[in-house]
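Notes follow once the structure below has been shown.
Not measured: the values here are computed from a predicted model. Counting starts at 1 for both ligands and their atoms, in listed order.
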Amino acid sequence: MKVAIVANKTEKTQGVQKEVVRLIEQSKSLTIDEQTPDIVISIGGDGTLLKAFHQYKHRLKEVEFVGVHTGHLGFYADWRDFELEEMVTSLETRSAEKVSYPLLEVEIEYSDGKESERLIALNESTVRRVSSTLVSDVYISGELFERFRGDGLSVSTPTGSTAYNKSVGGAVIHPSINAVQLAEIASLNNRVFRTLGSPMVLSVHEDLTIEMIESPDAVVTVDHLTIDRTAIARVHCRVASERIAFVSGKHTHFWTRVKESFIGVD
Ligand code: NAP
Ligand code: MN
């Protein structure tokens, strides 16, 4: 089994990384391979796992992720730094059973003729405007739903529902639900301008189009990445056909993870 490691730069993480490398080198069935891994170990926080995901997103069919948590939140990280031997054993004796979560497909159409781009998000994609109000038409499965005015819109995955989505008032969604969530960022709502005003959960059979109306400087983000500032015409979002797989060795119950991250450990 080939293993790649993605780690952040903190001192604590560097120590953990050294220990993980040592355990892998000792193992008979595991080798380090950064190019074509079967397993990607992320050591750090959720930001590290997001980076690991984007580094290996072209190999989603082949790769399973494992998260080791070295501080911060670690929403995607199941293993702690004192469980490294157990974690490596779980990779050696890995069952065929995978835990996988939905992802978000984002297709960006540009208005200057630049070829459209297909991207994939683990947490969310947002369309935002800072200098003035974002105006955009929201279509659900091709039908006009509303004209949005405000700071922006966030479209998130179930595992991303605890990230930016939660900060803008979206619901936390169990990742066994194959769906994406649309949440508003500071919408203008008054007698003249009207949007639904609450988050919406779209099914796997639907797609969402956000069409910019006189908002040439709108910015699109995908997880921690900001997309090139070429004028954007439309953004199409739907549940992706790909999924992200995690090694199922130790998989913390989703609501336990939510409780431990946001409410506290008993
Ligand atoms: P960051 O600014 O370090 O991340 C912001 C916080 O979000 C960190 O505490 C991070 O955990 C946590 N986080 C990331 N994904 C999460 C998830 N799925 N569930 C719960 N918490 C999560 O930036 P980053 O580490 O590069 O991560 C980028 C992500 O941060 C974006 O995708 C966005 O969702 C989120 N973000 C949120 C806000 C906000 O809530 N206002 C603002 C900016 C970005 P770690 O400390 O473990 O990395
Ligand atoms: Mn971070």
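Against a heavy-atom cut-off of under 4.0 Å, Thr162 is close to the following atoms of ligand 1: 17 (C), 18 (N), 19 (N), 20 (C), 21 (N). Every atom of ligand 1 with a heavy atom of Tyr76 under 4.0 Å away is listed here by number and element: 18 (N). Contact atoms of ligand 1 toward Ser167: 39 (C), 40 (O), 41 (N) (distance under 4.0 Å to a heavy atom of the residue). Ligand-side atoms of ligand 1 in range of Thr159: 18 (N), range being under 4.0 angstrom from any heavy atom. Every atom of ligand 1 is numbered from 1 in the order shown, and the set under 4.0 Å from a heavy atom of Leu50 is 27 (O), 28 (C), 29 (C), 32 (O). For ligand 1 and Asp223, the ligand atoms under 4.0 Å from any heavy atom of the residue are 32 (O). Distances below 4.0 Å separate heavy atoms of Phe75 from the following atoms of ligand 1: 19 (N), 20 (C).
Donor-acceptor pairing under 3.5 Å is lacking for the side chains of Thr157 and Glu124. No donor-acceptor contact under 3.5 angstrom links the side chains of His54 and Lys51, judged on distance only.
For the pair Val20/Ile5, a side-chain contact is recorded, criterion being any heavy-atom separation below 4.5 Å from C-beta on. Here the side chains of Pro199 and Glu184 are not in contact, with every heavy-atom distance at 4.5 Å or above. Residues Glu109 and Ile232 have side chains not in contact (no heavy-atom distance under 4.5 Å, counting atoms from C-beta outward).
An N or O contact shorter than 3.5 Å links Tyr164 to ligand 1 by distance.
Taking the ring centroids of Phe246 and Tyr101, they lie under the 6.0 Å cut-off.
Linking Ile, Leu, Val, Met, Phe, Trp and Tyr whenever their side-chain heavy atoms come within less than 4.5 Å leaves Leu144 and Leu208 in two separate clusters.
Contact annotation for Asp46 and ligand 1: heavy atoms of both the backbone and the side chain come within less than 4.0 Å of the ligand.
A tilted orientation is assigned to the rings of Phe65 and Phe53, their planes being inclined by 30° to 60°.
Residue Glu124 holds the heavy atom nearest to atom 32 (O) of ligand 1 of all those in Arg257, His224, Glu124. Distances from atom 48 (O) of ligand 1 to the heavy atoms of Ser154, Ser156, Gly47, Gly44 show the closest one on Gly47.
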